[in-house]
Amino acid sequence: MALDVDAVRARIPALKSHSARFDAPGGTQTPQPVIDAIADALARPLANRGQTNEGERNAEAIVTGARLALADLLGVQPRGIVFGRSATQLTYDLSRALAKDWAPGDEVVVTRLDHDANIRPWIQAAEAVGVAVRWADFDPDTGELHPGQVASVLSPRTRLVAVTAASNLIGTRPDVPAIAELAHQAGALLHVDAVHYAAHAAVDLADLGADTLVCSPYKFMGPHLGVLASRPALLETLRPDKLMPSTDAVPERFELGTLPYELLAGAQAAVDFIADLAPDAAGTRRERLLAAFTVIESHEEALRERLERGLADLGGITVYSRAARRTPTQLFTVRDRSSADVSRHLAAHGVAAPAGSFYALEASRRLGLGSEGAVRVGLAPYTCDEDIDRLLTALGSIEGR
């Protein structure tokens, strides 16, 4: 099966602007079915969840449907799905809950490859209770984070390892199952940032070996919110801060205040949209999602290879996305040009490709790019050959390159 990219693009209104959008790692464009689901949720009666009246029942159905959809997407039980404002907020909440059981002499491990949202919450939680932080480095020449680099900083006092499933800056996909095995052998939990990964590959919490995992639907054509996935049994052991009258049930004990029902409706619609991208696939939604991501990966991989050949042919461009296994995400600089100027040049030619460190500050500095970073080009299921050609043509027109 091949992805029908024209059919995908036809259902995304924002693409009618005719710009070539390579800013998907910062947030994808939204399909019409997702927009319709959000509007429909708001157009019908809504109230606090319950079964007494229509508004309560509508809210209950939306929450239940969204949990089922995200559980299918992430390979977990619905009771293992927690909704929040963002993956960053959920990571902060999780770090504070876990830190209640940490003590001086304990350690946590973070990596220099990660987005700061999977670094700073753990550092700050550790500092608050007197726990040491140890750093796993990655190889800036290859972009690889090898399991051995994590193993070298583990100890019997390690309580948690935080690692990305895919770098939002350079796309590197570490061997998370191998890292999970090392973490568990040391008696530690593994927390995985799958925000960038979940947009490009099928996720399965157990296959990754993760104890907890976060993602963001707006990275895979959904609305702006965050999702935490875990085993319900693990969530039962955690006691987050919450209001006294709020429920103590899992997963609701982690969800502060009233949920954004309309966004949950949009998140379910986004999962369903992805599940339909392999039209010949049959079976459960989970099975159709697995088939869809096979199609998505094949489409994006072909475009990534086309892009990288084109960048190499242009000359004067240094690429930093070099890992053997990586998402279709390319970070690069142009000789004798600031990355901000390159981004502005591309924008003037109708190409959206932002420049920066994209909150992966440690990784940007490790690559020698400082806090300013470089130009990032990210592909999505709606990226087409014409987009790649337009980007390469615009880069080729930079004077003095």
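Residue numbers run from 1 in the order of the sequence given. Worth saying up front: this structure is predicted, and the values here are computed from it rather than measured.
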Could you tell me whether [X] and [Y] make a salt bridge, using a distance below 4.0 angstrom between a side-chain N and a carboxylate O?
X	Y	value
Glu60	Arg49	yes
Glu255	Arg85	no
Glu297	Arg173	yes
Asp341	Arg344	yes
Asp204	Arg286	yes
Arg325	Asp175	no
Glu252	Arg79	no
Asp387	Arg9	yes

I'd like to know if the side chain of [X] and the backbone of [Y] have a donor-acceptor N/O pair within less than 3.5 Å.
X	Y	result
Ser95	Ala125	no
Ser246	Lys242	no
Thr164	Ala166	yes
Arg253	Glu236	yes
His299	Thr383	yes
Thr158	Leu154	no
Gln124	Pro121	no
Ser19	Arg21	no
Asn48	Thr258	no
Arg57	Gln51	yes

Between atom [atom1] of [X] and atom [atom2] of [Y], what is the distance when rounded to the nearest 0.5 Å?
X	Y	atom1	atom2	value
Gln268	Asp72	CD	CG	9.5 Å
Leu190	Leu182	CG	CG	10.0 Å
Trp122	Leu160	CH2	CG	4.5 Å
Glu305	Ile388	CD	CD1	11.5 Å
Glu362	Phe138	CD	CZ	9.5 Å
Arg376	Gln330	CZ	CD	12.0 Å

Any pair with a residue in residues 350-360 that passes side-chain hydrogen bond (donor to acceptor under 3.5 Å, both in side chains), sequence neighbours left out, goes on the list, sorted by first then second residue, please.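 Found none.
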
Would you say the side chain of [Y] lies within less than 4.5 Å of the side chain of [X], judging by non-hydrogen atoms?
X	Y	answer
Glu107	Val133	no
Thr333	Tyr320	yes
Ile398	Val342	yes
Arg231	Val76	no
Phe254	Asp93	no
Val150	Val161	yes

Partner of Thr329 under side chain to side chain donor-acceptor pair (under 3.5 Å), chosen from Glu300, His196, Arg304: His196

So with a 6.0 Å cut-off around [atom1] of [X], is the heavy-atom count from everything else above 12?
X	atom1	result
Gln77	CD	no
Arg11	CZ	no
Glu308	CD	yes

So which atom in [X] and which in [Y] form the shortest heavy-atom distance, rounded to 0.1 Å?
X	Y	value
Leu290	Ala202	CD2-CB, 3.6 Å
Ala41	Ala265	CB-CB, 3.9 Å
Asp114	Val163	OD2-C, 3.4 Å
Asn58	Pro45	ND2-O, 2.8 Å
Phe332	Ser339	O-OG, 4.3 Å
Pro33	Ala269	O-CB, 3.8 Å

According to the ring pair (Phe, Tyr, Trp, His ring centres under 6.0 Å) rule, which pairs have a member within residues 37-71, sequence neighbours left out?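 Counting only pairs at least two positions apart or across chains, no ring pair (Phe, Tyr, Trp, His ring centres under 6.0 Å) contact touches residues 37-71.
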
Strictly by modelled atom types, are His345 and Ser397 linked by a side-chain donor-acceptor pair under 3.5 Å? yes

Intermediate values then yes/no, side-chain hydrogen bond (donor to acceptor under 3.5 Å, both in side chains), Ser167 and His115: CA-CA 7 Å; Ser167 166; His115 187 290; over 6 Å; no

Yes or no on side-chain hydrogen bond (donor to acceptor under 3.5 Å, both in side chains) for Thr212 and His191, after CA distance, side-chain angles and deciding distance? CA-CA 5 Å; Thr212 54; His191 176 74; 2.7 Å; yes

Can you list the steps and then say if Arg67 with Phe83 is a side-chain contact (heavy atoms from CB on, under 4.5 Å)? CA-CA 9 Å; Arg67 283 204 212 284; Phe83 294 114; 3.6 Å; yes

So Val271 and Arg285, side-chain contact (heavy atoms from CB on, under 4.5 Å) or not? Walk me through it. CA-CA 9 Å; Val271 173; Arg285 178 166 52 195; 4.1 Å; yes

Full working for side-chain contact (heavy atoms from CB on, under 4.5 Å) between Leu225 and Leu264: CA-CA 8 Å; Leu225 73 157; Leu264 299 189; 3.4 Å; yes

Ile38 pairs by side-chain contact (heavy atoms from CB on, under 4.5 Å) with which of Ile35, Val34, Asp36, Asp40?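 One option only clears the test, and that one is Val34.
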
Going by side-chain contact (heavy atoms from CB on, under 4.5 Å), Pro140 matches just one of Leu367, Leu113, Leu369. Which one?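 The option that passes is Leu367.
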
Derivation of the salt bridge (charged side-chain N to carboxylate O under 4.0 Å, His left out) call for Glu372 and Arg365: CA-CA 9 Å; Glu372 291 73 27; Arg365 290 173 174 172; over 6 Å; no

Evaluation steps, side-chain contact (heavy atoms from CB on, under 4.5 Å), between His349 and Leu346: CA-CA 5 Å; His349 287 74; Leu346 294 175; 5.8 Å; no

Would you please name every residue forming a side-chain contact (heavy atoms from CB on, under 4.5 Å) with Asp241, sequence neighbours left out? Lys100

